[in-house]
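Notes follow once the structure below has been shown.
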Amino acid sequence: MTHIRAPRGTIDVFPEKPGVWQRLEETVRSVCRNAGYTEIRTPIFEHTELFQRGVGESTDIVEKEMYTFLDKGERSITLRPEGTAPVVRAYLEHKMWALPQPVKVYYIGPMFRYERPQMGRLRQHTQFGVEALGASSPALDAEVISVLISVYQRLGLEGFVVRLNSIGCSKCRPRYKESLMNLLSKHTDELCADCRRRLERNPLRVLDCKNERCAGLAKKLPPIFDYLCEDCSRHFEGVTECLTALDLIYELDPTIVRGLDYYTKTVFEVIHSGLGAQDALGGGGRYDGLAEELGGSAIPGVGFAAGIERAVQVLQDAEGGAIGQEAGRVNVFIAAMGDEAKLQALRLARLLREQGTSADIDYLDRSLRAQMKYADKQGVKKVVIIGEDELKGDYAVVRDMATGDQAQVQFRDLVQVLT
Ligand code: AMP
């Protein structure tokens with residue numbers, strides 16, 4: 001029989017890797033908590049309509065990347081491709097607008113996109129993100145950006161660049177779109193098939209198209225800054241002022257438009273050159289029109305989402321794959337010989353674990369020598385040896401693996417000595 005393999009575009013997180021995943025997740029939790037964000041967990045699947053309305057019909061995600069199916073009740077269901085629309089849905093559904101504003105939440109979880117798998121691009125990937133709803137202050141945009149940067153800084157991740165842009169609002173963007181359309185319609189034969197198709201609905205997408213010829217054209221287009229209305233200009237100035245006050249370095253990049261329709265005003269991406277073609281570590285922006293799009297009132301919001309697998313890759317490249325190898329390592333190994341001693345070892349391991357000390361025993365009926373070798377390979381700090389003599393004398397031998405020192409310890413004192 002052939003072996004069943006994991007579906008294309010998915011990964012298993014191997015035993016030596018959880019260390020770095022956990023470090024990342026703990027850092028996200030700690031940085032978010034310190035900035036006043038609390039965790040939200042939304043369902044893995046939602047009604048398809050949420051993403052059609054929330055993410056936008058003309059986006060790559062909705063057009064071609066969603067895992068959509070009819071459930072047994074004939075409802076159209078979609079595995080979530082992103083986290084913002086679900087959070088805004090939850091905010092409206094649970095009347096969080098009645099809480100003190102802004103409501104600040106963070107999430108960590110899997111996202112699903114039917115993309116062509118390649119390095120850094122998976123069909124199931126994991127994102128962490130924050131959303132701050134109910135306030136339109138530019139200081140909140142800056143806070144969101146600074147939270148993401150703090151996560152990377154706390155992890156010791158280096159070499160990333162923050163790229164910032166504004167894509168205006170429903171007042172000023174149409175004027176910019178129109179002038180892009182006018183300019184680009186003279187060059188339709190130079191555009192890739194996707195951009196040609198999207199030109200009518202969303203000419204902004206040409207700006208961030210990866211196709212070489214489209215990128216060449218994009219460089220010649222006027223930046224949106226010249227078209228922003230007064231409100232958007234002032235907001236953008238406010239954001240840059242706050243970022244400067246926070247000593248956060250950023251680059252202005254008029255080609256950052258983000259792939260999702262719901263953004264307004266501020267948009268940003270964090271890029272890392274070590275990632276290759278898929279070089280975005282994370283990105284986000286303001287989405288003041290999204291709540292209305294989902295049937296709520298005009299609730300402003302801003303947030304980011306960042307890929308965990310990509311951050312793990314950068315960290316591992318930087319640390320030569322050495323990180324995470326300590327995962328699963330226990331402090332104490334109890335090596336036992338004989339049936340009675342093995343029961344004693346089982347009991348002792350449980351006691352130690354209950355007292356907060358990690359401990360393990362042999363489950364393969366190895367010889368004492370082989371157990372010691374195994375414990376050494378696992379890198380444990382102490383080995384407790386229980387054989388027949390020790391059982392008779394009501395004691396165990398405790399060996400310090402770093403120094404090689406050994407001592408006899410009475411059973412009743414063992415837990416105290418080892419914890
Ligand atoms: P997006 O909302 O598309 O900007 O995604 C946010 C972040 O999630 C990106 O900056 C990536 O780090 C990560 N990401 C998005 N799509 C994928 C994917 N298919 N595979 C791996 N990571 C992804």
Side-chain angles (χ1 to χ4, degrees), residues 6-13 17 21 24-25 28 42 50-51 54-56 58-67 78-88 106-131 144-145 147-149 151-152 155 157 159-165 167 202 204-205 207-210 253 255-263 266-287 290 301-317:
R8 231 165 93 78
T10 66
I11 56 160
D12 296 308
V13 177
K17 281 213 185 136
W21 276 70
L24 225 147
E25 287 173 7
V28 169
T42 62
L50 173 69
F51 302 110
V55 178
S58 72
T59 58
D60 281 352
I61 289 183
V62 173
E63 267 186 352
K64 41 189 186 193
E65 295 171 1
M66 293 206 299
Y67 277 90
T78 292
L79 301 185
R80 63 177 187 198
E82 60 94 53
T84 305
V87 168
V88 176
Y106 75 89
Y107 59 82
I108 303 175
M111 304 295 163
F112 306 85
R113 296 181 188 178
Y114 193 78
E115 296 189 89
R116 200 167 46 78
Q118 62 183 83
M119 198 179 114
R121 201 203 265 157
L122 296 161
R123 288 184 172 166
Q124 176 178 331
H125 71 280
T126 319
Q127 291 185 359
F128 65 93
V130 307
E131 313 294 349
V144 160
I145 297 173
V147 165
L148 180 56
I149 293 179
V151 169
Y152 294 142
L155 288 164
L157 191 153
F160 57 86
V161 176
V162 180
R163 301 222 170 120
L164 185 69
N165 190 22
I167 53 165
N202 199 352
L204 257 69
R205 295 302 313 280
L207 292 170
D208 77 341
C209 182
K210 294 265 190 265
D253 184 345
T255 69
I256 302 286
V257 295
R258 310 282 298 136
L260 307 113
D261 274 359
Y262 51 59
Y263 286 107
T266 317
V267 283
F268 66 93
E269 271 181 11
V270 179
I271 312 287
H272 198 287
S273 57
L275 283 171
Q278 304 301 317
D279 60 356
L281 273 173
R286 182 161 275 285
Y287 44 84
L290 179 55
V302 58
F304 73 72
I308 293 202
E309 290 83 357
R310 293 191 192 170
V312 166
Q313 196 193 322
V314 172
L315 286 169
Q316 284 193 321
D317 289 349

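Just follow the structure's listing: the first ligand is 1, and inside any ligand the first atom is 1.
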inquiry  = Between Glu82 and Arg113, is the salt bridge (Lys or Arg N to Asp or Glu O under 4.0 Å) condition met? List the steps.
reply    = CA-CA 9 Å; Glu82 60 94 53; Arg113 296 181 188 178; over 6 Å; no

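- An N or O contact shorter than 3.5 Å links Ala280 to ligand 1 by distance.
- At least one side-chain heavy atom of Glu309 sits less than 4.5 Å from a side-chain heavy atom of Trp21.
- In this structure, atom 21 (C) of ligand 1 lies nearest to the protein heavy atom Gly120 O, 3.3 Å.
- Inclusion of Ala305 in the set of residues having an N or O under 3.5 Å from an N or O of ligand 1 is not warranted.
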task = Please step through side-chain contact (heavy atoms from CB on, under 4.5 Å) for the pair Ile149 and Phe160, ending with a clear verdict.
result = CA-CA 9 Å; Ile149 293 179; Phe160 57 86; 4.0 Å; yes

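- The part of Leu281 lying near ligand 1 is the backbone, judged by heavy-atom distances below 4.0 Å.
- Between the Arg123 side chain and the Pro117 main chain, no donor and acceptor come within less than 3.5 Å of each other.
- Nearest to atom 15 (C) of ligand 1 among the protein's heavy atoms is His125 NE2, 3.4 Å.
- Near Gly282, the atoms of ligand 1 lying under 4.0 angstrom from a non-hydrogen atom of the residue are 10 (O).
- By the neighbour-count criterion of 12 heavy atoms within 6.0 Å, atom OH of Tyr67 is densely surrounded, having more than that number from other residues, nucleotides or ligands.
- Contact annotation: Arg258 has at least one heavy atom less than 4.0 Å from an atom of ligand 1.
- With respect to atom 13 (C) of ligand 1, the closest heavy atom belonging to the protein is Gly307 CA, 3.6 Å.
- Look at Gln127 and you'll find a heavy atom under 4.0 Å from some atom of ligand 1.
- With a 4.0 Å heavy-atom cut-off, ligand 1 is reached by the side chain of Arg310 but not by its N, CA, C or O.
- Between Phe51 and Thr59 the shortest side-chain heavy-atom distance does not fall below 4.5 Å.
- Considering every non-hydrogen atom in both Tyr152 and Gly282, the closest pair reads OH-N, 4.2 Å.
- Asn165 pairs in a side chain to side chain contact (heavy atoms under 4.5 Å, CB included) with only one of the listed residues (Asp253, Val267, Thr266), which is Val267.
- The nearest heavy-atom contact from the protein to atom 19 (N) of ligand 1 is Glu115 OE2, 2.6 Å.
- Looking at Glu309, Arg113, Glu269 and measuring to atom 1 (P) of ligand 1, the nearest heavy atom belongs to Arg113.
- Against a heavy-atom cut-off of under 4.0 Å, Leu122 is close to the following atoms of ligand 1: 18 (C), 19 (N), 20 (N), 21 (C).
- Between the OG1 atom of Thr78 and the CE atom of Met66 there is a distance of 4.0 Å, given to the nearest 0.5 Å.
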